[in-house]
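Take a look at the structure set out below.
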Amino acid sequence: MIDTVSRRLTIVSVVLVVVGGLLLARLVALQFQLDPEVAAYFLGIADSAYRRRREVVPPRGLIYDRDGNLLATNMIEYEVGISPALVSDRTGTAILLAELLDMDEVEVLDALDLDDPWVLLARPVPAVVGEQLESLDLPGVSISPIQRRFYPQGALAAHVLGFVGLDGHGYYGVEGYYQDRLAGRTTVTEESEIPFERIPGPVPRPGADLVLTIDREVQYLAEQTLMQAIVEHGAQRGTIIIMNPRTGEILALAVYPNFDPNDFYEAPHETLVNIAISEQYEPGSVFKVLTMAVALENGIVTPESTYYDEGQIEVGGRVIYNWDRRAYGLTTMTEVLARSLNVGTATLSVTLGPTRFYTGLRAFGIGLPTGVDMEGEAAGELHQPGDPIWSESDLGTNSFGQGLAVTPIQLLTAINAVANDGLMMHPHVLYQMIDGDRVYTSQPSAIGRPISAQTAHELTDMMVATVEHGIELAQVPGYTVAGKTGTAEIPGPAGYEEEATIVSFVGFLPAYDPQVSILIRLDRPTSSRWGSQVAAPVFSELARRLVVLLDIPPDDVRQQLLAAGGVLP
Amino acid sequence: MSETKTDWVQHALRQAPWRAQVQTAATVALILVVSAVVGALYLAQATTSAVTGRDLEALEAERARLIRANEELRAQIAMLQSVPVLIARAREMGFEPATHDRIEYLVVEGYSPRPEPITVVEIETSEPPRYDATLGGWFAEQWDRFVQEFEAWAGSAQEIGDD
């Protein structure tokens, strides 16, 4: 009996030891992950619970004006969503969320009734509200931070800056043009909480900060002046550009109608477009400056050269008249500009011939984008012999700015060459780029030299005479001003519109040491249809305040400075 | 000799058979204690790691909160310094915009109002110096120096001998 029990006990012991050994072996295999399949299974569970991929979005670069005033920065806002299945107190949660998010309770309750695993409730939610919700720690309510672009100056320089969409991408202006630089480099890293582990990956590169050539005070002045002009003259739209003709720096660029980049999604699409660089138009008589420049440069006339103005001229079967239908008889080239005679400039373009005329205009960059560093620049239109839609009569009408199209920035850049001794500078808004420890300063660069210094000086004299004798309303007391008005009819499907015009003025001062050049453009003014009566006084008003802001002394003081051994500011 | 030893062990076991049990128990106990210590150390290390992870997360959250607070403050300052606000404050304080006809310019002999252009120098970043000295390296360096000095001395002695 004892033997039997002993034998059975031995068998049971052996079985237990074998089973125990198997279990132990399995345990060891699990613990030390000897079985690849099992190891992968458990690692998968662990990863899903503790390991996660995290997208590291670096802060977008800031944007400053030339004096370091902040124009664009980043702020955190929140996105609030709910997982209906996880919300225990539906009514209480709905009341609380509706109150904090300024929503209707029924709307929140409807969202809670949905079968979806997650429902977006509100986006963007201000930081204060988001942090308040986060502290409440409501079950089933998720609060995620989202980066949002913020423009502390509101609508100021909106068209220069552009905006950043809800997708984090920059559109229009410098936000669009320098998107890659501003955005930096986003990286994805893997991390685990238990065990604590960070898998090193590529380091996110923060976006570069931009310092613009824009002067905030000058920008504000330009926008205020433009707004007043729009109201005073009943215009529909308009733009003002202020540049330094010596360097190509854009000091201000105002566009009306404007928009607030903080609420870009509420603005009509057409207001987002920067008409100063994106919309081309027939410039009208302002363009006569360029025709005269080409004629002087080619040596076919001098400022004192004369022609006999009969009040009309036929070019390519089309009769061209002066704007007032008058004939002026023997007329000098200076008087052609001062009186803005279409017949005079048409005579010049015909004398030049298409090759020299269009080559000269191309040298001024007409029909070509300037390369200004804002998104959405248009190239303008300049048809030449050989183009299907060019006709011989275009040679006459092009001379006074009809039958071709330019953008305001293109026109001002071209006329800046006159102010800058014949050298045409690249227009730009980027002053500095600060990328980590490195600071890149943009250097003024020339696009080309369409005219010689002598031609530029002669043309400056003619433009000064134009303001002194032809456009009194553009004068600025104490300062010599060089400028030219433009009144362009608006082409439509059935020819030019009857009364509607686009009026403009382009000028620079002080004429003999130019420090600022200004372009004024107003669309469809109702107070008058002439640039000399609408755009010229706007220029004068703006320039009077601008010389104060930019510390530009009047001519007599400047002469005293020179006499005292100083340097003209 | 070995026979004598075996006899002695067998004799000892006969006299005190519990000695073998004690040795076995002690060995098992030792294994258990070592396992427990290793297990405890592993647990402590894993716990510390997890706690550190949590702490780090909390610190990161705090850093993110401070960055947000900084950004908000920066934006508020910029708003308070915006042109319309400054104009309104200036008017409240009795200032009014200067007009060109009310400005008096003073001519100072030899003074140039045009500031010298600022030349921005690019900051060149360089790798930080590396300190990779080791004890072995130091010994090698000392040995090389000793050898060099010895060779120099030997060379000079040879030259003297040649003379």
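Sequence lines set the chain letters: A, B, ... in the order given, protein chains first and strands last, and positions in each chain run from 1. Note: hydrogens, waters and symmetry copies are ignored here, and every other heavy atom, side chains too, is used.
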Test side chain to side chain donor-acceptor pair (under 3.5 Å) applied to A/Asp67 and A/Asn69, step by step
CA-CA 6 Å; A/Asp67 295 321; A/Asn69 296 302; 4.7 Å; no
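- Side-chain N or O atoms of A/Arg148 include one that pairs as donor or acceptor with a backbone N or O of A/Asn262 at under 3.5 Å.
- Both the backbone and the side chain of A/Arg544 have a heavy atom closer than 4.5 Å to some heavy atom of chain B.
- Looking at A/Val128, A/Ile143, A/Ile146, A/Leu133 one by one, the single match for side chain to side chain contact (heavy atoms under 4.5 Å, CB included) with A/Tyr78 turns out to be A/Ile143.
- Here A/Asn74 is the residue among A/Thr73, A/Val547, A/Asn74 with the most heavy-atom pairs under 4.5 Å with chain B.
- Each of A/Leu71, A/Leu546, A/Leu70, A/Leu549 has some count of heavy-atom pairs under 4.5 Å with chain B, and the biggest count is that of A/Leu70.
- Counting heavy-atom pairs under 4.5 Å between each of A/Ala127, A/Pro554, A/Gly478 and chain B puts A/Pro554 at the top.
- Looking at A/Glu131, the atoms closer than 4.5 Å to chain B (heavy atoms on both sides) all sit in the side chain, from C-beta outward.
- Residue A/Tyr479 touches chain B through its side chain alone, counting heavy-atom pairs closer than 4.5 Å.
- Between B/Phe146 and B/Phe150, the ring-plane angle classifies as parallel under the 30° and 60° cut-offs.
- Without hydrogens or angle criteria, A/Ser442 side chain to A/Leu430 main chain gives a donor-acceptor distance under 3.5 Å.
- More than 12 heavy atoms of other residues, nucleotides or ligands sit less than 6.0 Å from atom CE of A/Met433.
- Note on A/Arg216, A/Gln153, A/Gln224, A/Gln219: by heavy-atom pairs under 4.5 Å with chain B, the leading option is A/Arg216.
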Would A/Phe539 and A/Val481 satisfy side-chain contact (heavy atoms from CB on, under 4.5 Å), going step by step from the backbone distance to the final call?
CA-CA 10 Å; A/Phe539 170 86; A/Val481 173; 3.5 Å; yes
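- For B/Leu30, the CG atom is densely surrounded, since the number of other residues' heavy atoms within 6.0 Å is greater than 12.
- Evaluation of the side-chain hydrogen bond (donor to acceptor under 3.5 Å, both in side chains) rule for A/Asp215 yields no partner, not counting sequence neighbours.
- Listed in order of number, the residues of residues 86-97 of chain B that approach chain A to under 4.5 Å between heavy atoms are B/Leu86, B/Ile87.
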